[in-house]
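Working notes, beginning with the structure itself.
What's counted below: heavy atoms across the whole structure, side chains too, no hydrogens, waters or symmetry copies. One is the number of the first residue; the rest follow in order along the sequence.
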Amino acid sequence: MLKRFFIRSLMMVLAACLVFPGEVRAEDPADTMLMFVGENLEVLSIASRREESAAQAPAVAHVVTREAITAGGAFTLSQALARTPGFYMAQKEWGTRPYLRGIPDSVLFLHDTVPIMSDMTKSVHPMDQEMSLASVKRIEIVRGPGSVLWGPDAFAGIVNVVPLTGKDISGVETGAHYGFPGDARGFFINTGHDGGAWDAFLSVSGRESAADDRTANVVSFWTDDGLPADPSVRYGHARPERPWYIELVGNTNIGENMTVSGRYADDARSYVMSEENNTLTWIERRSTPVNYLKLDGRKAVDAGGAVRFTGYYSSMDSQYRVIDLTFSPREQTAYGELIYDRDFLSGRGVLTSGAAYRHKRIKNAPIWDSYLPDFLGPHNTTFLPGVTEQDYRTDLWSLFSQYTHKIGRADVSGGIRYDAHDAFSDGLSYNAGIVWTPYSQWVFKALYGTAYRTPFARQLIEEGNADLEKISTTSLKVSWQPEKRYGMSVCGFFKRLSDHIMEDPYAGLSTPNSQKIRGIELDGHILPIDTLRLSANMTLLENSGPDETYRYVDSVFIRPDGTIEEHFAELNYAYDIGPKRIFNLMAQWDPVDRLTLSVRAGYFSSISVICPRCETTDAVSGAWLADMKATLRDVGLTGLDLELFLWNIADKKYPLPGTYSVIEGEGFSGMLMVKKRF
């Protein structure tokens, strides 16, 4: 009955589009930007599903422009986000694990508004070499729930990577880089064309990173006879292969009514894992490419309204190898959405309403029910860790609406979303906010929003109809910018987490938990002279709530009749909030027209080492790290640029929590990039 209602709703919107075709205007109300004379606004589209300034958006929003990426020294998405208030980028053996406002694995990552995450596990985040910034126009960031307009998993925040178009680059731009130590190397080629009524953009990039320089001593384990490999052949010496990545990004705009875009990627990353005491080490290999093909269309229905359509198909053909056992899970998603925009009362009111359908199909999702390091020792010659592969599918139907109304100098907004799912309980998300600008240099925001998270594979299969993870967030922000040369903002927030579940790769799921998280984010900049920009931001966090509880199998008994009895144990650990204090100090100096120098010093405080199978809980100390970049333009030839990146320039040694043990943070490294524009 409910699905028939959704289908009828979609048909009615389509019929309205056909019956009231209207004329397409150059300035469609659905795409109007709020602009001020003489001001270059940083625009984003994810707060209201239309382009608007980050300062006036009904969200705690931030935009990292292409110019800021180029000048600031970020080479990966994780490096760009690490400079943003609220974010902490945790280094793990397999890559970067993002924390936002004290919650790990809680951000909805989008590429051109298409999710690039996985429902099989929380730990898939293409934030490092998997995604090239060469094709990126801007990075849009919302800190706070966004489920009303973006559905489940817009939990603690949203990051949308916006690619370039043919209107942004007309011609060819190419580059090559070489990194040290480790002989990392790569290239990119961007090409675009603006044909007036149409434009097109294409980017191709490839990268090969430095190999993990650690050695593994467990080289064989799984055999064809169902027993562990004999200790005589189980141990030896092996080194990981060099990681590699390729990516293809493209789009074409046909007039103002249709856009076709897509992304193809492939990668393979090998790394060394170790158990708590670093006695046993083994190699794992991940490949998690997210590919998609997307169609956007829009049609004006009258002078004040427009209908937009978005449809995409995405897939993740993964490969995951542990020592000598390989898994090949596959995830496929089909998504369709219709949105109706309308202006009311001479533009003082704006309504955005829509309906959406999402179908996901998961094949061969690996579900571990044992703790791998327990099985790798020489005394185990009988048992293999339990791991199964599961197939399942889910369907999600959604209705959503958000309305914004201008009252004097204030914009008041409210929204609601209803999600009906066939595999778990239905979800309701809502938000409300006020953006008040009493004077041109002051902006006050009071925002409230809720969200929930889709169960990932293990949670869905093991917990069945368990309660969904939920969050509610209240944010109060004050921004002051009397002129472009200086400004600052302060944001306080309070979050409530309920039925929150953590995932350990092998130890299993934590029991549902609740937490309260409070924090303050401060951000400011000043230009003491025209050629020097100084900026800083700080994040302070506190939390309260019960400890996390993990229930895992610590021993297995075989009865005389051959049946197996599992014995469970429980361990309790403090909630993993990450570092409670994060600082960034940045400077950008242009001593001459063709040279830009940038320096960033970042600090994170001590971090608890959360190991769900360890007997004790430890902590690693905080650290200050410094990076810098130099950009020299038009070197000998017009359009020939040189860029020098230097990371951890003091080569500081600092420990970090790994998956099962403490690992060493990345040391000094550098990279030289050569770019040419034609």
Exercise for review: Before giving the answer on side chain to side chain contact (heavy atoms under 4.5 Å, CB included), spell out for Leu77 and Glu130 the whole-Å C-alpha distance, their side-chain angles and the decisive distance to 0.1 Å.
Suggested key: CA-CA 9 Å; Leu77 178 59; Glu130 299 94 334; over 6 Å; no
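- Counted by atom type alone, His125 and Asp105 present one or more donor-acceptor pairs between their side chains at under 3.5 Å.
- Salt bridge annotation for Arg321-Glu284: absent, with no cationic side-chain nitrogen under 4.0 angstrom from a carboxylate oxygen.
- Residues Val272 and Pro240 approach most closely at CG2-CG, 3.5 Å, considering heavy atoms.
- With sequence neighbours excluded, the residues satisfying side chain to side chain donor-acceptor pair (under 3.5 Å) with Arg342 are Asp302, Tyr340.
- Looking only at distances, a side-chain donor or acceptor of Asn584 sits under 3.5 Å from a matching main-chain atom of Ala82.
- Leu149 and Ala47 make their closest contact through CD1-O, 3.5 Å (heavy atoms, listed as atom of the first residue, atom of the second, distance).
- Residues Ala630 and Leu597 approach most closely at CB-CD2, 3.5 Å, considering heavy atoms.
- By the 4.5 Å heavy-atom criterion applied to side chains, Ser598 and Met628 are not counted as neighbours.
- In this structure, Val162 and Ile139 have side chains that are not in contact, with every pair of non-hydrogen atoms separated by 4.5 Å or more.
- Between Glu256 and Lys299 there is no salt bridge, since no side-chain nitrogen of the basic residue lies less than 4.0 Å from a carboxylate oxygen of the acidic one.
- A cation-pi arrangement, defined by a distance under 6.0 Å to the six-membered ring centre and an angle within 45 degrees of its axis, is present between Arg49 and Trp150.
- Formation of a donor-acceptor pair under 3.5 Å by the Arg263 side chain with backbone atoms of Leu293 is not found in this model.
- Side-chain contact check for Asn648 versus Glu666: every heavy-atom pair is 4.5 Å or farther apart.
- In this structure, the salt bridge (Lys or Arg N to Asp or Glu O under 4.0 Å) partners of Arg600, at least two apart in sequence or on a different chain, are Asp627.
- Heavy atoms only, all atoms of each residue included: Ser270 and Asp212 are closest at O-CB, 4.3 Å.
- In this structure, the side chain of Asn257 does not engage the main chain of Gly297 through any donor-acceptor pair within 3.5 Å.
- Of the inter-residue distances, the one linking Trp589 atom CH2 with Ile529 atom CD1 reads 8.0 Å to the nearest 0.5 angstrom.
- Residues Asn253 and Thr259 have side chains that bring a donor and an acceptor to within less than 3.5 angstrom of each other.
- Listed by chain and residue number, Glu42, Leu44, Ala54, Thr65, Arg138 satisfy the side-chain contact (heavy atoms from CB on, under 4.5 Å) test with Val63 (two or more places apart in sequence, or in another chain).
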Review point. Given Gln319 and Thr326, is the side-chain hydrogen bond (donor to acceptor under 3.5 Å, both in side chains) satisfied, shown in steps?
Key: CA-CA 7 Å; Gln319 277 200 343; Thr326 300; over 6 Å; no
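- Among residues two or more places apart in sequence or in another chain, the salt bridge (Lys or Arg N to Asp or Glu O under 4.0 Å) test is passed with Asp213 by none.
- Using modelled atom types, no side-chain atom of Thr596 and backbone atom of Asp590 make a donor-acceptor pair closer than 3.5 Å.
- Here Ala134 pairs with Ser132, Phe188, Asn190 under the side-chain contact (heavy atoms from CB on, under 4.5 Å) rule; sequence neighbours left out.
- At a threshold of 4.0 Å, the pair Lys137-Asp168 counts as salt-bridged, since one of the basic side-chain nitrogens sits closer than that to a carboxylate oxygen.
- Arg533 has no carboxylate O lying under 4.0 Å from a charged side-chain N of Glu67, or vice versa, which leaves the two without a salt bridge.
- A salt bridge between Lys360 and Glu331 is present, with a side-chain N of the basic residue lying under 4.0 Å from a carboxylate O of the acidic one.
- Shown here are the salt bridge (Lys or Arg N to Asp or Glu O under 4.0 Å) partners of Arg239, two or more places apart in sequence or in another chain: there are none.
- Residue Ala74 comes nearest to Leu133 through the heavy atom pair O-CD1, 4.0 Å, listed as atom of the first residue, atom of the second, then distance.
- The salt bridge (Lys or Arg N to Asp or Glu O under 4.0 Å) test applied to Glu208 returns Arg185, Arg242, not counting sequence neighbours.
- Salt bridge status for Asp296 with Arg308: absent, with no side-chain N to carboxylate O gap under 4.0 Å.
- Side-chain polar atoms of Asp266 and Tyr245 form no donor-acceptor pair below 3.5 angstrom.
- We find that Arg633 and Asp641 are not joined by a salt bridge, their nearest charged nitrogen and carboxylate oxygen being 4.0 Å or further apart.
- Taking CD1 from Ile362 and OG1 from Thr394, the interatomic distance works out to 7.0 Å, rounded to the nearest 0.5 Å.
- Between Ile141 and Thr84, some side-chain heavy-atom pair lies under the 4.5 Å cut-off.
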Practice item. In sequence, state the C-alpha distance, the side-chain angles, and the governing distance for Ser328 and Asn364, and then conclude on side-chain hydrogen bond (donor to acceptor under 3.5 Å, both in side chains). Key: CA-CA 7 Å; Ser328 297; Asn364 304 322; over 6 Å; no
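- Contact check on Glu173 versus Lys676 returns no salt bridge, with no Lys/Arg side-chain nitrogen under 4.0 Å from an Asp/Glu carboxylate oxygen.
- No more than 12 heavy atoms of other residues, nucleotides or ligands shown are found within 6.0 angstrom of CG on Asp593.
- Side-chain N/O atoms of Thr113 and Lys294 include a donor and acceptor closer than 3.5 Å.
- Applying the side-chain contact (heavy atoms from CB on, under 4.5 Å) criterion to Thr96, with sequence neighbours excluded, gives Ser78, Met89, Met127, Asp128.
- By the ring pair (Phe, Tyr, Trp, His ring centres under 6.0 Å) test, Tyr264 is found to be paired with no residue, residues two or more places apart in sequence or in another chain being considered.
- Here the OG1 atom belonging to Thr631 is positioned 9.5 Å from the CG atom belonging to Leu642, to the nearest 0.5 angstrom.
- Sorted by first and then second residue, the pairs that involve residues 143-160 and meet salt bridge (charged side-chain N to carboxylate O under 4.0 Å, His left out), not counting sequence neighbours, are Arg143-Glu521.
- Residue pairs meeting the ring pair (Phe, Tyr, Trp, His ring centres under 6.0 Å) criterion with at least one member in residues 58-84, sequence neighbours excluded: Phe75-His177, Phe75-Phe645.
- Here CZ of Arg83 is found 14.0 Å from CD1 of Ile582. Values are rounded to the nearest 0.5 Å.
- A distance of 12.0 Å separates CG of Asp199 from CD1 of Ile169, quoted to the nearest 0.5 Å.
- Under the 6.0 Å distance and 45° angle rule, Arg453 counts as a cation-pi partner of Phe155.
- Judged purely by distance below 3.5 Å, without hydrogens or angles, the side chains of His111 and Tyr292 pair a donor atom with an acceptor atom.
- For the pair Leu396/Tyr357, no side-chain contact is recorded, criterion being any heavy-atom separation below 4.5 Å from C-beta on.
- Judged by distance alone, the side chains of Tyr486 and Gln481 never bring a donor and an acceptor atom under 3.5 Å apart.
- To the nearest 0.5 Å, the span separating CG on Leu527 from CD on Glu483 amounts to 9.5 Å.
- Remark: Val107 pairs with Phe87, Leu100, Phe109, Val159 by the side-chain contact (heavy atoms from CB on, under 4.5 Å) rule, at least two apart or across chains.
- Of the possible donor and acceptor atoms, one in the side chain of Thr70 sits under 3.5 Å from a partner among the backbone N and O of Arg66.
- Contact between Gly639 and Asp634 at its shortest, heavy atoms only, is N-OD1, 2.8 Å.
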